[in-house]
Amino acid sequence: MALRLWASSAANALKISCSGATRAAPAYSISRYFSTVLDGLKYSSSHEWVKNDGSVATIGITDHAQGHLGEVVFVELPEAGAKVSQGGAFGNVESVKATSDINSPISGEVVEVNDKLSETPGLINSSPYEDGWMIKVKPSSPSELDALLDPAKYTKHCEEEDAH
């Protein structure tokens, strides 16, 4: 009974229907680890996401990454105008568990930094794909986006990584 109540509460919180009604698929998938992976984004194997909006790409860490880090207590990010390179560290995240580098999934120039994170680093935990974004970059090599993982491949990557 308690498990059924918990499952119902979890389904309500995640806006999942428990009835047999047929509905359109959600805009995200939930792996067995309950990490949210959004459609329309590209992902790196080091757990950063990219939302490409033409001339500017927004970058942050994934729900999977923040879940493994635990409560984020400090974020160090570059200043606008800094150059970032694909695979290179551009900052770090300090959590109650560890400090981790944040790698850029693409190369380019930082055009905006999420200043809210210096005051409220927990936004990375509560809203990794919205309020918890980290930097916006003007890509210097847009073709680098093609080498990143789509949502299905990233989900599979996370499941395989967590199985080991």
Side-chain angles (χ1 to χ4, degrees), residues 14-15 25-31 33-162 164:
L14 294 170
K15 307 278 192 271
Y28 57 87
S29 62
I30 300 175
S31 76
Y33 304 103
F34 295 101
S35 294
T36 302
V37 177
L38 300 182
D39 286 336
L41 302 180
K42 293 288 208 160
Y43 299 88
S44 69
S45 59
S46 57
H47 306 288
E48 291 84 17
W49 58 266
V50 181
K51 180 180 180 186
N52 186 24
D53 289 325
S55 63
V56 176
T58 305
I59 298 172
I61 66 168
T62 65
D63 187 41
H64 183 84
Q66 72 79 24
H68 280 276
L69 282 169
E71 181 185 351
V72 175
V73 295
F74 179 76
V75 182
E76 181 178 76
L77 298 173
E79 305 233 348
K83 303 284 186 205
V84 294
S85 299
Q86 184 180 41
F90 67 80
N92 62 60
V93 176
E94 185 177 324
S95 73
V96 295
K97 293 182 182 178
T99 298
S100 299
D101 285 341
I102 309 161
N103 299 317
S104 184
I106 59 171
S107 302
E109 179 182 347
V110 176
V111 295
E112 189 177 346
V113 176
N114 187 351
D115 294 326
K116 291 180 185 176
L117 296 180
S118 61
E119 293 292 321
T120 316
L123 290 172
I124 291 170
N125 298 113
S126 62
S127 183
Y129 299 112
E130 296 292 331
D131 297 330
W133 65 272
M134 296 180 167
I135 59 174
K136 294 189 179 188
V137 173
K138 180 179 179 184
S140 59
S141 301
S143 62
E144 290 175 342
L145 289 163
D146 298 334
L148 298 174
L149 304 172
D150 65 26
K153 288 180 182 171
Y154 178 69
T155 298
K156 183 177 180 184
H157 169 74
C158 292
E159 290 171 348
E160 289 172 352
E161 189 177 76
D162 285 349
H164 293 106

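Nothing fancy with the numbering, it's 1 onward along the sequence.
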If you look at every heavy atom in [X] and [Y], which pair is closest and at what distance?
X: S55; Y: P139; answer: O-CD, 3.4 Å
X: G70; Y: N125; answer: O-ND2, 2.9 Å
X: A82; Y: P78; answer: CB-CB, 3.9 Å
X: S45; Y: E161; answer: O-OE2, 4.4 Å
X: K136; Y: V56; answer: CB-CG1, 3.7 Å

Is it true that a side-chain atom of [X] and a backbone atom of [Y] form a donor plus acceptor pair closer than 3.5 Å?
X: N114; Y: W133; answer: yes
X: S104; Y: I106; answer: yes
X: E48; Y: I61; answer: no
X: Y43; Y: L38; answer: yes
X: Y129; Y: T36; answer: yes
X: S95; Y: K97; answer: yes
X: S127; Y: L123; answer: no
X: S85; Y: G88; answer: no
X: N103; Y: F90; answer: no
X: S118; Y: D115; answer: yes

**Message:** Are the side chains of D63 and V37 in contact, using a 4.5 Å heavy-atom criterion?
**Reply:**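 V37 does not reach D63 side chain to side chain.
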**Asked** Does the side chain of L69 reach to within under 4.5 Å of the side chain of V93, using non-hydrogen atoms?
**Response**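 Yes. Closest side-chain heavy atoms under 4.5 Å.
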**Validation row, ring centre H68 to ring centre H47 under 6.0 Å** =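 They do not qualify: ring centres at least 6.0 Å apart.
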**Message:** Given the ring of W49, does K51 sit roughly above its face, with NZ or CZ under 6.0 Å from the centre of the six-membered ring and within 45° of the axis?
**Reply:**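 No.
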**Asked** Can a donor-acceptor pair be found between the side chains of S44 and S46 at a distance below 3.5 Å?
**Response**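 Side-chain D/A pair, S44 to S46: present.
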**Request:** Indicate whether the side chain of E144 and that of S107 have a donor and an acceptor atom separated by less than 3.5 Å.
**Result:**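 Per modelled atom types, E144 and S107 side chains form a pair under 3.5 Å.
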**Message:** Assess the residue pair E94 and V72 against the criterion (side chain to side chain contact (heavy atoms under 4.5 Å, CB included)); give the C-alpha distance rounded to whole Å, side-chain angles, the decisive distance to 0.1 Å, and a yes or no.
**Reply:** CA-CA 6 Å; E94 185 177 324; V72 175; over 6 Å; no
**Message:** Just verifying a value: how many Å separate I59 CD1 and L41 CG, rounded to the nearest 0.5 Å?
**Reply:**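 Rounded to the nearest 0.5 Å, the CD1-CG separation comes out at 11.5 Å.
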**Message:** Please determine whether side chain to side chain contact (heavy atoms under 4.5 Å, CB included) holds for the pair V110 and K138, giving the CA-CA distance in whole Å, both sets of side-chain angles, and the decisive distance to 0.1 Å.
**Reply:** CA-CA 6 Å; V110 176; K138 180 179 179 184; over 6 Å; no
